[in-house]
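These numbers were taken from a predicted model, which means no experiment stands behind them. Just so it is clear: chains get the letters A, B, ... in the order the sequence lines come, proteins before strands, and each one is counted from 1.
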Number of protein chains: 2
Amino acid sequence: MGITERKEREKAGMQRLILDTAMKLFIDQGYESVSMRKIASIIEYSPASIYTYFPDKSSIFYELHIEGFTRLLRKQTEVQGVMDPAERLLQHGRAYLEFAFENPQYYDLMFIMRTPAEQIVKNKDWEHGMRSYELLKRNVQECRNAGYFKESTVDSVALMMWAVVHGIAALHIRQRLILMELNASYFEGLIKDSLKNLKNLIR
Amino acid sequence: MGITERKEREKAGMQRLILDTAMKLFIDQGYESVSMRKIASIIEYSPASIYTYFPDKSSIFYELHIEGFTRLLRKQTEVQGVMDPAERLLQHGRAYLEFAFENPQYYDLMFIMRTPAEQIVKNKDWEHGMRSYELLKRNVQECRNAGYFKESTVDSVALMMWAVVHGIAALHIRQRLILMELNASYFEGLIKDSLKNLKNLIR
DNA sequence: TTAATATACTAAACGGTGTTTAGTTTGTCA
DNA sequence: TGACAAACTAAACACCGTTTAGTATATTAA
C-alpha cells in the first residue's frame, strides 16, 4: 500500500515547490513582490490551489522563517567546537551577525517582520526562536562557570548580548545606518566594531 | 491680500486633519488599518482628495515619523540638564527606551518600518535621525572628555549604545520577547535590565 | 461685471491584493 | 462499477493605492 506514501511525497513536493518559489521571489524582488497570485503563476497553478497546501499566506512565511532558523543553527553549531568559553561566546555572536548580513531576508523574517510573529503570539510557542536563545544562554552560562559575568544573571547577559547584535543587524537591514557609516567595507567594519564591543562586555 | 494666507491655513489644516486621522488609525488599529480609503471616509472626503494634500501614502508616514522625532527629542532634551556626563548618558538611554515602550507605533515608524526608509535612501538625507544621533554622540563625547571610553572611538561607543537600546526596543515591539520574560512588570524589568547593562558599558 | 483661470473635489476606473465559494475533474477503494 | 475523497479551477468578494476625466467653486484680471 505505497499509495499513501506516494501521495504524501507528492504533497510534500508541492509544498517544497511553493516554499522555494516564495523564497526566490522574496530574495530576488523583496517582500512586497511575494503574492499568492505570483507564486501560483510561476508554478503554473491557479491561486486557489495553493490553499490545498497552506492555510494562508502567513503560514508560508512561517515555514520560511523556520528554515532560516535551521540555517542559523547550522552556522552557530560550527562554532561550538571552540574551547575557550569567552572566545566561543564571541564567535557565537560573530556567526549570528554574519548570518544577518549574509541572509538579510531570512533575518528579517525571523526577527523583524510582523508576519511570523502573529503565529508565535497565537500559539504561545516559538520553538526555533527559543532553541536559538537557549544555545546563547548555554554559552553565557559556561562563561559564568569560567568566572565571567559574576555580577549579572545569565538571562540579563544573554538578553544584552542578543540586543547588541540584533540592534546592529536590525538598524542595518531596515536602512537606518546608511547615512552614519559610508566608509569603505561598511559591512566588515560594522561586524568588527560590534565584536570589539561585545568583547568589552565579557568580563 | 489675506486670501493666500487663509488658503495656506486651510491647506495646512487639512493636512493636519489627514495626519491626525492616519496616526489615530495607526495607534488604535495598527499599520494595516491605515488605508487611504479609511482616512478619506473618516474625514468625509473622497480618497482622491487626499492626493491634493500628499503625493502618496508613504509621504504621510514620512511626516508622522518626523513628528515622532520631535517627541523623542523633547523627551531627551529634558534630561540634558543632568550634570554628571555618565549619569546624563544613562538618562539619555532611559529616555530613549521609555519613548520606545510608551510610543511603540511612533518608534516602529522611526526605526523599524520600511516606509519612511525609502524616502531616506532616495533623498540621501535623514535630518531628524541624524540630529538624534548627533545628540547621542555629544553625550558620549562629553563622557570621553570626563575620562570614560578612552579605549574606543566616539562613533563606535555611540553605535554600541544605540544598538543595545534599539535591540531591546525592536525585539519587544516586533514581539520576539514575549516568550522569554513573562514575569511581573515585564516592561519595567526590561528597562531596568537594559540600563544596568548600559551602566556596565560606561567605563 | 464678466470672462478666464486655477483650485478643490469627486465618480469611476485600473490593476493589483488575499481569500472563499461552487463546481468539476481525477484517482483510489470497496 | 459506483461511491467517495482529494486536487484543482473560474469566478467572485472585499479590499488596496493611485490615476483619469470631468465638475463645481472661488479668485483674479480685463
Trainee: Distance check needed: dA5(D) C1' versus Lys11(A) NZ, whole Å only.
Mentor: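 The distance from NZ of Lys11(A) to C1' of dA5(D) comes to 11 Å, rounded to the nearest Å.
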
Trainee: Kindly write out the residues that satisfy ring-ring contact (aromatic ring centres under 6.0 Å, His included) with Tyr53(A), not counting sequence neighbours, or none if the list is empty.
Mentor: none

Trainee: Would you confirm whether the ring centroid of Tyr96(B) sits within less than 6.0 angstrom of the ring centroid of Tyr107(B)?
Mentor: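 Yes - the distance between ring centres of Tyr107(B) and Tyr96(B) falls below the 6.0 Å cut-off.
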
Trainee: Using atom CZ of Phe54(A) as one end and atom P of dT20(C) as the other, report the distance to the nearest whole Å.
Mentor: 16 Å

Trainee: In terms of side-chain geometry, is the basic nitrogen of Lys57(B) or Glu118(B) positioned less than 4.0 Å from the acidic oxygen of its partner?
Mentor: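 No, Lys57(B) and Glu118(B) are not salt-bridged.
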
Trainee: Would you check if the distance from the ring center of Tyr106(B) to the ring center of Phe111(B) is below 6.0 Å?
Mentor: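 They do not qualify: ring centres at least 6.0 Å apart.
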
Trainee: Check whether His65(A) reaches the backbone of Tyr62(A) with its side chain - one donor and one acceptor, N or O, closer than 3.5 Å.
Mentor: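 Yes; at least one donor-acceptor contact below 3.5 Å.
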
Trainee: What string of B, S and - do you get for nucleotides 10-21 of chain D 5' to 3' if you count protein non-hydrogen atoms under 4.0 Å?
Mentor: B-B---BBBB--

Trainee: Figure out the CE/C1' separation between Met14(A) and dT9(D), and round it to whole Å.
Mentor: 12 Å

Trainee: Can you tell me if Ser49(A) touches the phosphate of dT9(D), counting only side-chain N or O atoms and a distance under 4.0 Å to OP1 or OP2?
Mentor: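 For Ser49(A), the contact criterion (side-chain N or O under 4.0 Å from OP1 or OP2 of dT9(D)) is met.
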
Trainee: Can you pull out every salt bridge (charged side-chain N to carboxylate O under 4.0 Å, His left out) where at least one residue sits in residues 36-51 of chain B? Sequence neighbours excluded, please.
Mentor: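 As it turns out, there is no salt bridge (charged side-chain N to carboxylate O under 4.0 Å, His left out) pair with a partner in residues 36-51 of chain B once direct neighbours are skipped.
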
Trainee: From the list dA7(D), dT10(C), dC8(D), which nucleotide is the closest neighbour of the side chain of Tyr53(A)?
Mentor: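 Between dA7(D), dT10(C), dC8(D), the one nearest the side chain of Tyr53(A) would be dC8(D).
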
